[in-house]
Amino acid sequence: RYVHNNPVKAGMVIKAGDYKWSSFKTYLEEDFDSVNAKMQFVMNLFNSSREQFVLFHEEKDDNEYLEIKEDRQKYREEKAQEIINECCKRHGIIEAHQMKGDKTVIHGYSLFA
């Protein structure tokens, strides 16, 4: 998943199968079984189900693999923003001014200080 989704994370393609030089599409070919033993080993992890293979690649992966400090920081900021957005959505907060004056405290920290 990590290797196949790198072009997606880099913004080069929308889906893993769209990257021209990826082996992703090879895993989905009908005559796949004759390709090689290593690929067959991978597909056995998905009970040879191409659908499960695709779904696995589409799942969100929160593991940090990035090695560049700036990329790790950007990933963490984006993840934090996703959490904030989900929290706001859950509590019906649409605009930032709706949070003013809220002194919600979690583990000793004010969320909206």
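Along the sequence shown, residues carry numbers from 1.
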Heavy-atom closest pair, residues [X] and [Y]:
{"X": "Phe24", "Y": "His57", "result": "CE1-CG, 3.5 Å"}
{"X": "Ala16", "Y": "His4", "result": "CB-O, 3.4 Å"}
{"X": "Lys25", "Y": "Gly17", "result": "CE-O, 3.1 Å"}

Distance in Å, [X] [atom1] paired with [Y] [atom2], rounded so as to fall on 0.5 Å steps:
{"X": "Cys88", "Y": "Glu86", "atom1": "SG", "atom2": "CD", "answer": "9.5 Å"}
{"X": "Thr26", "Y": "Met39", "atom1": "OG1", "atom2": "CE", "answer": "4.5 Å"}
{"X": "Gln40", "Y": "Leu45", "atom1": "CD", "atom2": "CG", "answer": "10.0 Å"}

Inset, instruction - Please examine the side chains of Arg50 and Val54, heavy atoms only from C-beta on, and report whether any two atoms are closer than 4.5 Å. - result: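 No, side chains not in contact.
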Inset, instruction - Answer yes or no: does atom CD of Glu59 have more than 12 heavy-atom neighbours from other residues, nucleotides or ligands under 6.0 Å? - result: yes
Inset, instruction - Taking ring pair (Phe, Tyr, Trp, His ring centres under 6.0 Å) as the test, write out the residues that go with Phe56, two or more places apart. - result: Phe46
Inset, instruction - Could you state whether Leu55 and Met43 fall into the same hydrophobic cluster, counting links through intermediate Ile, Leu, Val, Met, Phe, Trp or Tyr residues with side-chain heavy atoms under 4.5 angstrom apart? - result: no
Legend entry - Connected hydrophobic set around Tyr19, excluding itself, where side chains approach under 4.5 Å: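 Hydrophobic cluster check, Tyr19: joined to Val8, Met12, Val13, Trp21.
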Inset, instruction - Name all residues meeting the side chain to side chain donor-acceptor pair (under 3.5 Å) criterion together with Gln81; count only those two or more places apart in sequence or in a different chain, and write none if there are none. - result: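 Here the qualifying residues are Asn85.
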